[in-house]
Amino acid sequence: MYKTEAGKITVESSNLDVKATVECGQLFRYEKNQDEYTVKSGGHCCKICTVGNYVEIETTSVDYFVHYFNLDRDVNRVKRELSRFEELRPALDCCGALRILKQPLFETIISFIISANNNIPRIKNIINRLCAMFDDTFPSPEQLAALSPRQLDAIGCGYRSQYICDTAKQCAETGLLNRLYGARTDDAEKMLMRLPGVGQKVADCVTLFALGRLEIFPVDTWMLKTQRQGMETEIQLRARLMEKYGDLAGYAQQFLFYYNAILRAKG
């Protein structure tokens, strides 16, 4: 499915849809220049683009991005399994090999706290300004805990500044991050929602995009708009679709989001 060499990963384009994977709302540290994306994670960086039938990922952190892009997972098998649901077929037909990433846990927690009641361009700008304070690297819990709410407010975090400071301190001063990796999904979500600024949606995104719990179905305004039945609440909608799509609910959500919020919305 992929091969590695010094400074480069090559993937068949049928196994990695770059645009869908990068723009489906699961990450914020990327920039697009024509057909090439620059993606950053932690202190790592890669350039990724499609060239003919292949995707080329140029990076000095080859092993990191093999893991980050989850290249050992057969996404086309996931699509075949989900195709038994008739309502998913339009999204599956229009989307290529969209891959759910394996992102750093602390970075994902803070990024999605910043994302609450925010838009993607502004989220990206805030995170970029935050990383610029640490030589273009996402800060550790200890580094972020050393900042004041005023410093975070100065880069645009607004009311989230105190949440970010308090969450960073909890992550720095306890073994929370390690416990999350080993916890059952329900327990992990409960622990996450004890953090300041983390509600159900943020917890779901962290659990799916960092902990890799594919049974999670985050509910946002697009899911409410396109998937809601009758007067369902967000919790009822989430429970119904998690039960329906089972261990692949997270992939179902990402295909539906990309199809409705990106492809159809932009015409």
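Quick caveat: nothing in here was measured; it's all calculated off a predicted structure. These numbers come from the heavy atoms of this one structure, side chains and all, not from hydrogens, waters or symmetry mates.
Across every non-hydrogen atom of Ser111 and Ile123, the tightest pair is O-CG2, 4.4 Å. The shortest non-hydrogen separation linking Gln253 to Pro218 is NE2-O, 3.1 Å. Considering all non-hydrogen atoms of both residues, Glu81 and Arg84 come closest at O-NH1, 2.8 Å. Taking both residues in full, the closest heavy atoms of Leu101 and Thr21 are given as CD2-CG2, 3.7 Å, listed atom of the first, atom of the second, then distance. Closest approach of Cys24 to Gln254, counting heavy atoms only: SG-OE1, 2.8 Å. Nearest heavy-atom pair across Ser14 and Ala97 is O-CB, 3.4 Å.
Phe106 has its side chain within reach of Leu177: a pair of non-hydrogen atoms, C-beta onward, lies under 4.5 Å apart. Taking 4.5 Å as the limit, some side-chain heavy atom of Leu176 sits within range of a side-chain heavy atom of Arg179. Using a 4.5 Å heavy-atom cutoff, the side chains of Asn118 and Ile126 are in contact. Contact check for Leu192 versus Val202: no side-chain heavy atoms found under the 4.5 Å cut-off. The closest side-chain heavy-atom distance from Lys8 to Val62 is not below 4.5 Å. Here the side chains of Leu88 and Phe255 are not in contact, with every heavy-atom distance at 4.5 Å or above. Side chains of Ser41 and Tyr64 form a contact here, defined as non-hydrogen atoms less than 4.5 Å apart. In this structure the side chain of Phe209 reaches within 4.5 angstrom of the side chain of Ile100, judged on heavy atoms.
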Q: Take Leu224 and Leu237 through the side-chain contact (heavy atoms from CB on, under 4.5 Å) test and state the conclusion after the steps.
A: CA-CA 8 Å; Leu224 279 172; Leu237 171 61; 3.9 Å; yes

Q.
Assess the residue pair Thr59 and Ile48 against the criterion (side-chain contact (heavy atoms from CB on, under 4.5 Å)); give the C-alpha distance rounded to whole Å, side-chain angles, the decisive distance to 0.1 Å, and a yes or no.
A. CA-CA 9 Å; Thr59 180; Ile48 178 170; over 6 Å; no

Q.
Before you tell me yes or no, could you show the steps for Glu232 and Arg228 under salt bridge (charged side-chain N to carboxylate O under 4.0 Å, His left out), namely the whole-Å CA-CA distance, both residues' side-chain angles and the distance that decides it to 0.1 Å?
A. CA-CA 6 Å; Glu232 276 184 323; Arg228 190 179 191 184; over 6 Å; no

**Q.** CA sep, side-chain torsions, deciding dist, call: Ile164, Leu147, side-chain contact (heavy atoms from CB on, under 4.5 Å)
**A.** CA-CA 10 Å; Ile164 293 167; Leu147 299 183; over 6 Å; no

Q: Assess whether side-chain contact (heavy atoms from CB on, under 4.5 Å) is satisfied between Thr108 and Leu105, documenting all intermediate values.
A: CA-CA 5 Å; Thr108 308; Leu105 179 54; 5.6 Å; no

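Note: Cys205 SG to Leu211 CG = 12.0 Å, rounded to the nearest 0.5 Å. The distance from the NZ atom of Lys32 to the OG1 atom of Thr38 is 12.5 Å, given to the nearest 0.5 Å. Rounding to the nearest 0.5 Å places OG1 of Thr50 at 11.0 Å from NZ of Lys19. Rounded to the nearest 0.5 angstrom, Ile216 CD1 and Leu241 CG are separated by 12.5 Å. Interatomic distance, OG1 of Thr137 versus CG of Leu130, reported as 11.0 Å (0.5 Å rounding). How far CG of Leu82 is from CZ of Arg80: 11.5 Å, rounded to the nearest 0.5 Å.
Thr4 places no side-chain N or O within donor-acceptor distance of the main-chain N or O of Ile9, the cut-off being under 3.5 Å. Glu23 contributes no side-chain N or O that, together with a main-chain N or O of Ile262, makes up a donor-acceptor pair within less than 3.5 Å. The backbone N or O of Ala154 lies less than 3.5 Å from no partner atom in the side chain of Arg129, so there is not a single donor-acceptor pair. Here the side chain of Glu36 pairs no donor or acceptor atom with the backbone of Asn33 at under 3.5 angstrom. Of the possible polar contacts, none joining the Glu58 side chain to the Lys47 backbone as a donor-acceptor pair under 3.5 Å is found. Proximity of a side-chain donor or acceptor of Arg99 to a complementary backbone N or O of Arg73 within less than 3.5 Å is detected. No donor-acceptor pair under 3.5 Å is formed between the side chain of Gln170 and the backbone N or O of Thr167. A donor-acceptor contact shorter than 3.5 Å links the side chain of Ser161 to the backbone of Gly158. Under a 3.5 Å cut-off, the side chain of Lys79 and the backbone N or O of Cys95 do form a donor-acceptor pair. With hydrogens and angles ignored, the 3.5 Å screen pairs no side-chain donor or acceptor of Arg160 with any backbone N or O of Gly197.
More than 12 heavy atoms of other residues, nucleotides or ligands shown are found within 6.0 angstrom of CG on Asn119. In this structure, Glu5 places its CD atom where more than 12 heavy-atom neighbours from other residues, nucleotides or ligands lie under 6.0 Å away. The number of heavy-atom neighbours closer than 6.0 Å to CG of Asp35, taken from other residues, nucleotides and ligands shown, is 12 or below. In Lys190, the NZ atom is not crowded: 12 or fewer heavy atoms of neighbouring residues, nucleotides or ligands sit closer than 6.0 Å. By the neighbour-count criterion of 12 heavy atoms within 6.0 Å, atom CG of Asp247 is sparsely surrounded, having that number or fewer from other residues, nucleotides or ligands. Heavy atoms from other residues, nucleotides or ligands lying under 6.0 Å from CZ of Phe28 number more than 12.
Using a cutoff of 4.0 Å between basic side-chain nitrogens and carboxylate oxygens, Glu189 and Arg213 are not scored as salt-bridged. Using a cutoff of 4.0 Å between basic side-chain nitrogens and carboxylate oxygens, Glu234 and Arg238 are not scored as salt-bridged. A salt bridge does not link Glu173 with Lys169: none of the charged nitrogens is closer than 4.0 Å to a carboxylate oxygen.
Remark: the Gln200 side chain and the Asp204 side chain contain an N/O donor-acceptor pair separated by less than 3.5 Å. Judged by distance alone, the side chains of Ser61 and Tyr68 never bring a donor and an acceptor atom under 3.5 Å apart.
Residues Val22 and Val51 fall into different hydrophobic clusters, defined by Ile, Leu, Val, Met, Phe, Trp and Tyr side chains chained together at heavy-atom separations under 4.5 Å. Under the 4.5 Å side-chain heavy-atom criterion for ILVMFWY residues, no single connected hydrophobic cluster contains both Phe69 and Tyr54.
A side-chain contact (heavy atoms from CB on, under 4.5 Å) with Cys131 is found for exactly one of Asn128, Ile127, Asp135, namely Ile127. With Tyr2 as the fixed residue, the side chain to side chain donor-acceptor pair (under 3.5 Å) test singles out one of Asn15, Thr10, Asp72: Asp72.
Ring-plane geometry between Tyr37 and Tyr30 is classed as tilted, the angle between the planes lying from 30 to 60 degrees on a 0 to 90 degree scale. The aromatic rings of Phe217 and Tyr245 sit parallel to each other, their planes meeting at less than 30°, with 60° as the upper class boundary.
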